[in-house]
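What follows is a set of notes on a single structure, which appears directly below.
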Amino acid sequence: MKNMLKLLLINALLLTAMLIACKENKELDSNDKPSEEAPAVSITLNVDSLYVDIFQANKPAITGKVAAVNALQRVAYYVVDSYDELLPIATITEFENAKELKINISDLNFSVVMKGFRVVATDEKGNVATKTIPLQVVDLLRWEAEVALLPAVDTVTLSVAVADTLPVAVRATSAAGIASVKFYLVEQRGGQQAESLAGEVAFTPRPYEQESCAYTLTYTPYTVAVKVAVANGKGHVKYAALPVNVADRNVIAPQITLPLVNDTIKASLSLASKVALQVEVFSAAGLGSIRYYEHRAGGDSLELKAADVHGLRFTDSYVFTVTGATVGFSVAATNSEGAAARLYKPAKLHNPYHIIVAGDGSGTHTTIKAAFAAIPNNSSSPTVVLIKNGTYREWLILESSKKNVILVGEHADSVTITYNAAAPDPYPADGSAPKSASGATIGTMGSATLHVEAENFYAENLTIQNTAGISAGQAVALRTAKDKQVFVNCTLKGFQDTHYTHGDGRQYYKNCRIEGTVDFIFGNAAAYFDGCLIYCLARSSGEVTAGATPAGKYGYVFNNCRIEGSAAAGTFSLGRPWKTGCHVVFMNTYMSRVIKAKGWSTWSEKTYKYREYNNSGEGAGNPAVRGNNATDPGTFSYLTDEDAASYALEKVMRQQPNAAQTVDNWHPSQLINRAESILR
């Protein structure tokens with residue numbers, strides 16, 4: 001019995017010891033073997049994958065954190081290479097927070113052997129966590145060799161008097177293949193270098209295959225280098241240069257060249273013109289001096305106008321005032337060794353003007369009215385009238401008998417023709433008004449500062465204005481009333497009814513400025529406005545155009561123009577119909593915010609055709625609100641490309657303004673080219 005009790009006691013003790021051991025083992029497991037829901041170590045990074053372009057040499061940064069239940073012991077960073085081996089970057093064993101580490105690895109240098117990036121973290125209990133970020137290289141193709149220039153000679157030697165030709169050979173290879181080789185000439189003139197493309201050789205890219213080519217270039221005395229640009233199949237380019245040495249072995253006068261811009265200097269006696277004489281001088285021995293001389297009439301008399309000392313390569317210009325005594329100019333140059341060269345250019349004294357208006361008495365007439373009276377009637381050849389700078393307060397009419405007139409202002413923005421007549425004004429008893437006006441009041445037509453009733457008329461560099469004021473009512477600056485009229489670089493200023501395109505003739509306006517408030521371009525002509533500025537002056541409301549186009553004919557076409565102004569946003573419409581048959585087109589035109597969203601206006605239910613094509617700007621509007629009302633008898637539409645082509649300048653101008661609309665294919669360039677040939 002005693003033995004049995006002893007055995008039971010021993011078993012109880014053993015069982016108690018086992019229970020205690022099991023309990024201790026359980027506590028140990030709970031600390032050292034964390035559950036899946038609560039890992040002992042976690043790593044979070046804000047990058048899942050790295051993309052690297054070898055050509056861009058990207059250096060991405062990696063940020064994130066390592067957190068652990070227990071204290072951290074070690075965090076290591078590795079690069080994973082293409083063989084899955086780990087290449088250590090850094091190891092951290094000390095932490096500000098024993099259980100957390102913020103990661104900030106920046107400017108990582110990548111190469112094609114890299115496969116990824118790995119973080120390995122261990123806590124004090126030996127728990128380990130890892131995070132791998134794969135690396136994706138988006139372009140493994142890169143240059144395998146530099147571009148090699150193989151010149152045909154070791155040194156390129158040129159004589160300043162001779163243009164030599166020499167071949168340049170190129171050899172290059174790339175993993176992406178070679179796509180092209182371009183050859184450039186680099187020249188130095190006037191202290192500045194400029195390069196120009198001389199030629200190009202194209203290839204079908206063959207990866208890793210070497211390509212060779214040669215190109216023969218023509219060198220000038222100004223050439224300082226040949227530049228070669230080789231592009232691979234990815235569009236990446238490498239450059240190489242071959243210097244050119246200029247040798248001047250025999251320094252004599254012909255080796256200094258003095259080319260001039262103009263073969264003959266043209267000048268107008270009446271204007272005492274200032275003409276720029278441009279000179280290029282070159283000498284490999286170095287330029288010593290350059291002198292400009294003016295040759296006077298009556299012998300070999302010379303007048304030194306300017307002298308200077310310059311560098312090796314040189315471009316210069318000098319402005320001479322041409323007078324009646326000037327017969328030519330010469331330039332003399334010497335180099336540093338004393339060699340000299342001289343070049344002479346004659347001065348052609350040119351006076352294209354038949355009539356010159358100058359308020360100071362220096363011309364043939366002091367008033368434009370007197371000049372108009374002096375123009376021959378019904379002349380088949382051009383009469384050229386120059387208006388010298390100044391302001392001319394005159395009320396003018398160029399009558400229909402004064403055909404083929406070219407009217408030119410001396411300088412743009414410096415010649416102004418102005419008057420202040422308005423429609424309600426009484427007709428002056430002294431007959432000072434143009435004779436086209438009649439009745440007790442002068443009316444809209446009679447208010448024009450300038451009436452042009454002559455065919456084949458050309459005007460340039462003029463400002464024509466009516467200063468009657470914004471409250472005066474109809475007050476015309478320019479009235480045009482015949483066929484074949486051209487205005488270039490002119491400004492028309494007024495308020496209501498600034499420009500009256502009277503009659504149904506053909507008119508062309510190039511680079512002009514027209515400003516006003518109400519219906520300030522109005523009438524029934526076929527008028528083409530090309531590259532013009534249409535300026536809307538401040539007013540509560542206004543209209544740009546008021547057309548009155550005869551049935552079946554072209555009206556107004558605005559192409560490549562700009563509509564701007566001092567008016568508030570949304571206060572102006574593009575036009576309203578003055579009479580039945582109004583036809584207005586705006587194409588390729590910038591419209592500022594002064595134009596209403598609706599774009600157009602109606603007037604007493606008159607019919608019209610409004611067209612738009614490829615316009616831009618805040619005022620170009622929304623198709624949903626553009627155009628006419630549903631009850632409006634007029635029509636509005638956006639042109640197709642095909643429709644827009646029917647409004648080309650040559651098509652608008654080709655028909656005569658007669659009942660039969662006879663086609664004579666007139667083009668404004670006929671008057672423009674004629675004026676250019678006479679004036680320039």
Side-chain angles (χ1 to χ4, degrees), residues 375-385 397-408 436 450-460 478-490 499-512 521-532 545 547-561 579 581-585 587 609 611 613 639 642-680:
I375 296 172
N377 292 327
N378 300 312
S379 174
S380 59
S381 59
T383 301
V384 185
V385 180
I397 180 169
L398 185 67
E399 298 176 355
S400 59
S401 62
K402 310 294 185 177
K403 300 177 181 180
N404 290 299
V405 171
I406 298 175
L407 187 64
V408 181
S436 61
L450 173 61
H451 303 252
V452 180
E453 297 184 349
E455 289 189 352
N456 290 314
F457 174 81
Y458 176 90
E460 177 184 312
L478 173 65
R479 170 179 162 261
T480 48
K482 281 293 181 178
D483 191 31
K484 300 178 183 178
Q485 297 179 337
V486 171
F487 294 81
V488 177
N489 200 28
C490 291
H499 181 28
Y500 188 3
T501 63
H502 194 198
D504 57 356
R506 293 165 288 184
Q507 302 167 12
Y508 178 69
Y509 302 84
K510 176 70 173 178
N511 296 337
C512 293
I521 303 173
F522 73 106
N524 49 344
Y528 200 100
F529 301 86
D530 189 358
C532 295
T545 65
T549 312
K553 296 186 179 182
Y554 285 104
Y556 295 157
V557 178
F558 295 82
N559 188 28
N560 293 317
C561 295
K579 297 179 181 179
C582 172
H583 188 177
V584 183
V585 180
M587 307 192 308
K609 288 195 295 185
R611 302 287 185 264
Y613 174 75
L639 298 174
E642 182 179 357
D643 292 335
S646 67
Y647 291 95
L649 176 60
E650 60 273 12
K651 294 184 178 181
V652 176
M653 297 283 114
R654 65 195 296 265
Q655 295 177 342
Q656 292 184 14
N658 53 30
Q661 300 185 49
T662 307
V663 174
D664 64 357
N665 291 317
W666 179 77
H667 196 282
S669 61
Q670 296 172 20
L671 290 183
I672 294 173
N673 293 340
R674 183 180 71 173
E676 288 287 328
S677 65
I678 294 172
L679 297 173
R680 309 296 182 242

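Here the closest heavy-atom approach between residue Pro382 and residue Ile406 is recorded as CB-CD1, 4.1 Å. Shortest non-hydrogen contact noted between Ala644 and Met587 is O-SD, 4.0 Å. Here the shortest heavy-atom pairing between His502 and Gln507 reads O-NE2, 4.0 Å. Cys561 and Gly531 get closest at one heavy-atom pair: SG-N, 3.9 Å.
With sequence neighbours excluded, the residues forming a side chain to side chain donor-acceptor pair (under 3.5 Å) with Ser381 are Ser379, listed by chain and number. Remark: Lys553 engages Asp504 in a side chain to side chain donor-acceptor pair (under 3.5 Å) (not counting sequence neighbours). With sequence neighbours excluded, the residues satisfying ring-ring contact (aromatic ring centres under 6.0 Å, His included) with Tyr509 are Phe487, His499, Phe529. Glu460 pairs by the side-chain contact (heavy atoms from CB on, under 4.5 Å) definition with Val408, Tyr458, Leu679, Arg680, not counting sequence neighbours. Looking at residues two or more places apart in sequence or on another chain, you find no side-chain contact (heavy atoms from CB on, under 4.5 Å) involving Ala551. Take Thr662 and apply the side-chain contact (heavy atoms from CB on, under 4.5 Å) test, not counting sequence neighbours, and it matches Gln656, Asn658, Ala660. Take Lys609 and apply the side-chain contact (heavy atoms from CB on, under 4.5 Å) test, not counting sequence neighbours, and it matches His583, Arg611, Thr635. Under the rule for a side chain to side chain donor-acceptor pair (under 3.5 Å), the partners of Asn377 that lie at least two apart in sequence or sit in another chain are Ser401, Lys402. Under the rule for a side chain to side chain donor-acceptor pair (under 3.5 Å), Tyr554 has no partner lying at least two apart in sequence or in another chain.
With hydrogens and angles disregarded, a donor-acceptor distance shorter than 3.5 Å links the side chain of Gln485 to the backbone of Val452. Distance alone, capped at 3.5 Å, is enough to place a donor-acceptor pair between the Asp483 side chain and the Arg506 backbone. Listed for the Ser400 side chain is no donor-acceptor partner under 3.5 Å among the backbone atoms of Ala454.
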What verdict does the side chain to side chain contact (heavy atoms under 4.5 Å, CB included) test give for Lys510 and Val488, after you've listed the backbone C-alpha separation in whole Å, the side-chain angles of each residue and the deciding distance to 0.1 Å?
CA-CA 5 Å; Lys510 176 70 173 178; Val488 177; 4.2 Å; yes

Using side chain to side chain contact (heavy atoms under 4.5 Å, CB included), reason through Val584 and Phe558 one step at a time and then give a plain yes or no.
CA-CA 8 Å; Val584 183; Phe558 295 82; 4.2 Å; yes

Given side chain to side chain donor-acceptor pair (under 3.5 Å), test Asn404 with Arg674 step by step and report yes or no.
CA-CA 10 Å; Asn404 290 299; Arg674 183 180 71 173; 3.0 Å; yes

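Put simply, CD on Gln655 and CG on Asp664 are 9.5 Å apart, with the number rounded to the nearest 0.5 Å. In this structure, the separation between CG on Leu407 and OG1 on Thr383 is 11.0 Å, given to the nearest 0.5 Å. To the nearest 0.5 angstrom, Thr480 atom OG1 is 11.0 Å from His451 atom NE2. The line from OH of Tyr508 to CG of Leu649 is 5.5 Å long, rounded to the nearest 0.5 Å. For the atom pair CZ of Phe522 and OH of Tyr556, the computed distance is 7.5 Å after rounding to the nearest 0.5 Å.
Inter-residue side-chain proximity for Val663 and Arg654 is flagged as met; some heavy-atom pair is nearer than 4.5 Å. Taking the side chain as every heavy atom from C-beta outward, Tyr528 and Met653 approach each other to under 4.5 Å.
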Quiz: residues 666-673 side-chain donor-acceptor pairs under 3.5 angstrom, not counting sequence neighbours:
from: His667; atom 1: ND1; to: Ser669; atom 2: N; distance (Å): 3.1
from: His667; atom 1: ND1; to: Ser669; atom 2: OG; distance (Å): 2.9
from: Asn673; atom 1: ND2; to: Ser669; atom 2: O; distance (Å): 3.1

